[in-house]
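Reminder, nothing fancy here: chain letters follow the sequence lines and each chain counts from 1. The figures that follow rest on heavy atoms only: side chains count, while hydrogens, waters and symmetry mates do not.
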Amino acid sequence: MKISRPRGTRDFLPEDTRRRRNVENILRKVVRNWGFSEIITPTFEALELFTLKSGDGIIGELYNFTDKGNRAMTLRPELTAPVMRMYVNEMQANQRPLKLFYFENCFRYERPQKGRFREFWQFGVELIGSNKIDADAEVIALASEMLKAVGIKGSLHVNHLGIIRHLLSVLKTEQQSRIMRLVDKKDDTGLVDYLEEIDAPGHLRLELMELISLTGSEAIEKARQLTGDIPELEEYQELLTLLEAYGVDYIIDFGIARGLDYYTGMVFEIYAEGLGAQNQVCGGGSYQLIKLFGGGDVASTGFGLGFDRIMEICDIEPDDDKPVVIIAMDSTRIEAVETATKLRFHMPVYLDLMKRSFKAQLSYADHIGAHYALIIGESEVEAGKVTLKNMDSGKQELLTIEEVIQKMNC
RNA sequence: GCCGGGGUAGGGUAGCGGUUAUCCUGUAGCCCUGUGGAGGCUACGAUCCGAGUUCGAUUCUCGGUCCCGGCCCCA
């Protein structure tokens, strides 16, 4: 009986895994250098954690189940909620800001397509405890730096929701969120229809439609003409100034809304090319979720990077790990094992496990792309040395094990 | 949940009603029991699943499933 892999999941072969781990570690290094600490949360959580955040509607998109104690559980579909839950459970007394990051797999019951899987990996950052624009700026700059570190050019779109919210403040809360969702989807006709439906004031319609179309260097000034001098606009300007100091290229985009109610101010998204319909590689903003999970009124800002999408367009290759292949005769197998054991403290070593002929062992070394073969035959054993053969040049020399270690630069 | 395009050895493919199901690559071994990469030889290995049409289906029809892309959704 042949069992196939579950839909939307992937097997990562040795080469894929090496590439992924490599990129993953590059990202980790960057984030650590920005002063963030890695955390791990459970692979499954109480279902309520996510319905509380996103509504019952998401259950259809979850890998949820009832456990043997009749508890409603789910594999995590994302990590922001778990991290906030962890904060509320364990870290409320910690000094702020808390700078946390994670790299974990998530699960969503969705139709797979390019850059979208049922099991996927998210690399995310959450900065908890600061509601200052400085925190927002640092988080955006970090996202931008991470992508740069793995050689991805993306376009970064930033917005400050305070401005659109100011404009909409005359409307009811639920009308506001409906509008935000339509803006997020870039559904202009839907938006016009809805404004008509709720009979929004004419000037508001015009101002809103103009605001969300604003982008580019003049955008702030144009927005000011629409809203007048408001603190949110000041703050936005301050954010942009900081981003320039960080050396981040950004695009002002009043059309970024992120569709969800818990975003409070700054929001951003990064798009990359070569990904088809799913071209967003990063999204984030400042939000208020901690209160929802029973904690205090603590602001956070963070983002998630779609690691699989990054891998799709990232062409960074890991360094060769210079393996050495030991080639022995049947009569020198014991010495070969002993030598391998010593060398394995210093380098990757292959030993023949197939009882192959001398020639076939050498051929194997060639096939796996080894740069060095180490010949241990009877004459080498007699001399108490080994023959190191350079597979590229074909040259070989008789050396002691210590000399081999030194020569291999370990 | 919906729409489109696809499933032939491990990978890449040809055949499109009757073939020992093609070729390349791969893997194991031999030619060649202390020197690899080339070549030759041998072996291994496939029609996604199930129904239907037919004397006969890899080929045609339907259903399922999986893959690819898109819609919806995107926390």
Side-chain angles (χ1 to χ4, degrees), chain A residues 1-11 13 15 45 47 49-62 74-84 106-118 120 122 124 126 181 184-187 190 257-263 267 269 275-285 287 289 292 302-304 306 309 325 327-332 352 354-382 386-396 398:
Chain A
M1 182 71 183
K2 193 170 165 183
I3 310 292
S4 58
R5 144 170 59 79
R7 172 153 223 207
T9 62
R10 289 155 296 162
D11 292 314
L13 275 47
E15 213 174 304
E45 294 269 4
L47 177 64
L49 177 62
F50 302 102
T51 52
L52 208 54
K53 177 180 177 226
S54 313
D56 287 343
I58 55 152
I59 294 178
E61 318 269 292
L62 296 178
T74 184
L75 297 182
R76 60 180 169 220
E78 51 111 0
L79 279 138
T80 300
V83 172
M84 293 306 116
C106 299
F107 308 84
R108 293 183 191 176
Y109 199 93
E110 293 184 294
R111 196 91 183 173
Q113 59 192 62
K114 192 174 175 67
R116 173 181 280 190
F117 306 94
R118 288 185 171 182
F120 60 97
Q122 265 200 354
E126 310 290 350
R181 259 189 289 277
D184 183 50
K185 284 184 196 167
K186 312 250 180 289
D187 183 0
R258 305 237 80 213
L260 287 156
D261 294 338
Y262 53 78
Y263 284 102
V267 287
E269 293 181 350
L275 282 167
Q278 310 298 329
N279 67 341
Q280 191 187 320
V281 291
C282 178
Y287 56 88
L289 274 175
L292 191 62
F303 63 83
R309 293 182 189 173
V325 177
I327 289 160
M329 314 297 296
D330 207 28
S331 58
T332 58
D352 175 50
M354 301 269 289
K355 284 259 170 66
R356 281 190 168 103
S357 69
F358 184 90
K359 202 182 180 69
Q361 289 182 50
L362 208 49
S363 173
Y364 172 79
D366 184 56
H367 266 276
I368 66 165
H371 292 113
Y372 288 93
L374 200 68
I375 300 169
I376 304 176
E378 282 164 16
S379 55
E380 281 84 2
V381 169
E382 229 165 276
V386 294
T387 297
L388 182 68
K389 179 184 177 81
N390 182 317
M391 295 296 285
D392 301 323
S393 66
K395 284 185 190 146
Q396 43 187 71
L398 196 63

What's touching nucleotides 24-28 of chain B from the protein side, N or O pairs under 3.5 Å?
unit_1 : atom_1 : unit_2   : atom_2 : d
B/A28  : OP1    : A/Arg356 : NH2    : 2.4

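- B/U35 atom C1' lies 11 Å from atom CD of A/Gln361, rounded to whole Å.
- In this view, A/Phe107 satisfies the ring pair (Phe, Tyr, Trp, His ring centres under 6.0 Å) rule with no residue, not counting sequence neighbours.
- Partners of A/Arg356 under the salt bridge (charged side-chain N to carboxylate O under 4.0 Å, His left out) rule, at least two apart in sequence or in another chain, do not exist in this structure.
- In this structure, A/Ser4 reaches neither bases nor backbone, as no heavy-atom distance under 4.0 Å exists between it and the strands shown.
- Residue A/Ile375 is classed as a base contact, given a heavy-atom separation below 4.0 Å to a base.
- Counting any heavy atom pair closer than 4.0 Å across all strands shown, A/Glu380 reaches a base atom.
- Evaluation of the side chain to side chain contact (heavy atoms under 4.5 Å, CB included) rule for A/Met329 yields A/Ser331, A/Thr332, A/Phe358 as partners, not counting sequence neighbours.
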Taking only distance into account, with no hydrogens and no angle test, what donor-acceptor pairs under 3.5 Å do side-chain atoms of residues 49-61 of chain A form with protein atoms, sequence neighbours excluded?
unit_1  : atom_1 : unit_2   : atom_2 : d
A/Thr51 : OG1    : A/Glu48  : O      : 3.2
A/Lys53 : NZ     : A/Glu78  : OE1    : 3.2
A/Lys53 : NZ     : A/Glu78  : OE2    : 2.9
A/Lys53 : NZ     : A/Tyr262 : OH     : 3.1

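- Counting heavy atoms from C-beta on, the side chains of A/Tyr372 and A/Asn390 come closer than 4.5 Å.
- Side-chain N/O atoms of A/Thr387 and A/Glu380 include a donor and acceptor closer than 3.5 Å.
- Residue A/Lys359 places no side-chain N or O under 4.0 Å from the OP1 or OP2 atom of B/C32.
- Remark: A/Asp261 pairs with A/Ser177 by the side chain to side chain contact (heavy atoms under 4.5 Å, CB included) rule, at least two apart or across chains.
- Base-pair partner of B/G4: B/C68 (Watson-Crick or G-U wobble, both distances under 3.5 Å).
- Mapping A/Ser393 and A/Ala360 onto RNA chain B by nearest heavy atom places A/Ala360 closer to the 5' end of the strand.
- Checked against salt bridge (charged side-chain N to carboxylate O under 4.0 Å, His left out), A/Arg118 has no partners two or more places apart in sequence or in another chain.
- If you measure from atom CG of A/Asp392 to atom C1' of B/U35, you get 15 Å, rounded to the nearest angstrom.
- Note: NE2 (A/His371) to P (B/G37) measures 17 Å, nearest angstrom.
- The separation between A/Phe358 atom CZ and B/G34 atom C1' is 4 Å, rounded to whole Å.
- Nucleotide B/G34 is matched to nothing when pairs are restricted to Watson-Crick or G-U wobble geometry with both distances under 3.5 angstrom.
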If you look only at distance, which donor and acceptor atoms sit under 3.5 Å apart when one is on a side chain in residues 362-370 of chain A and the other is two or more places apart or in another chain?
none

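- In the interface, the side chain of A/Ser379 is paired with the base of B/G34 through a donor and an acceptor atom under 3.5 Å apart.
- Nucleotide B/C41: paired with B/G29 (Watson-Crick or G-U wobble, both distances less than 3.5 Å).
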Completion exercise
Protein-proximity profile, nucleotides 7-12 of chain B, B/S/- by nucleotide at the 4.0 Å heavy-atom cutoff, equals ------

Problem - From CA spacing to verdict: side chain to side chain contact (heavy atoms under 4.5 Å, CB included), A/Arg111, A/Arg116 - result: CA-CA 8 Å; A/Arg111 196 91 183 173; A/Arg116 173 181 280 190; 5.8 Å; no

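- Summarising the base pairing, B/A9 is matched to no nucleotide, lacking a Watson-Crick or G-U wobble pair whose two defining distances lie under 3.5 Å.
- Every salt bridge (charged side-chain N to carboxylate O under 4.0 Å, His left out) that A/Asp330 has, sequence neighbours left out, goes to A/Arg333.
- Across all strands shown, B/G52 pairs with B/C60; the Watson-Crick or G-U wobble distances both stay below 3.5 Å.
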Completion exercise
Quick tally for nucleotides 67-75 of chain B: nucleotides whose base has a protein heavy atom under 4.0 Å get B, sugar-phosphate-only ones S, the rest -, giving S-SBBBBBB

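- For A/Leu13, the side chain to side chain contact (heavy atoms under 4.5 Å, CB included) partners at least two apart in sequence or on another chain are A/Asp11, A/Asp16.
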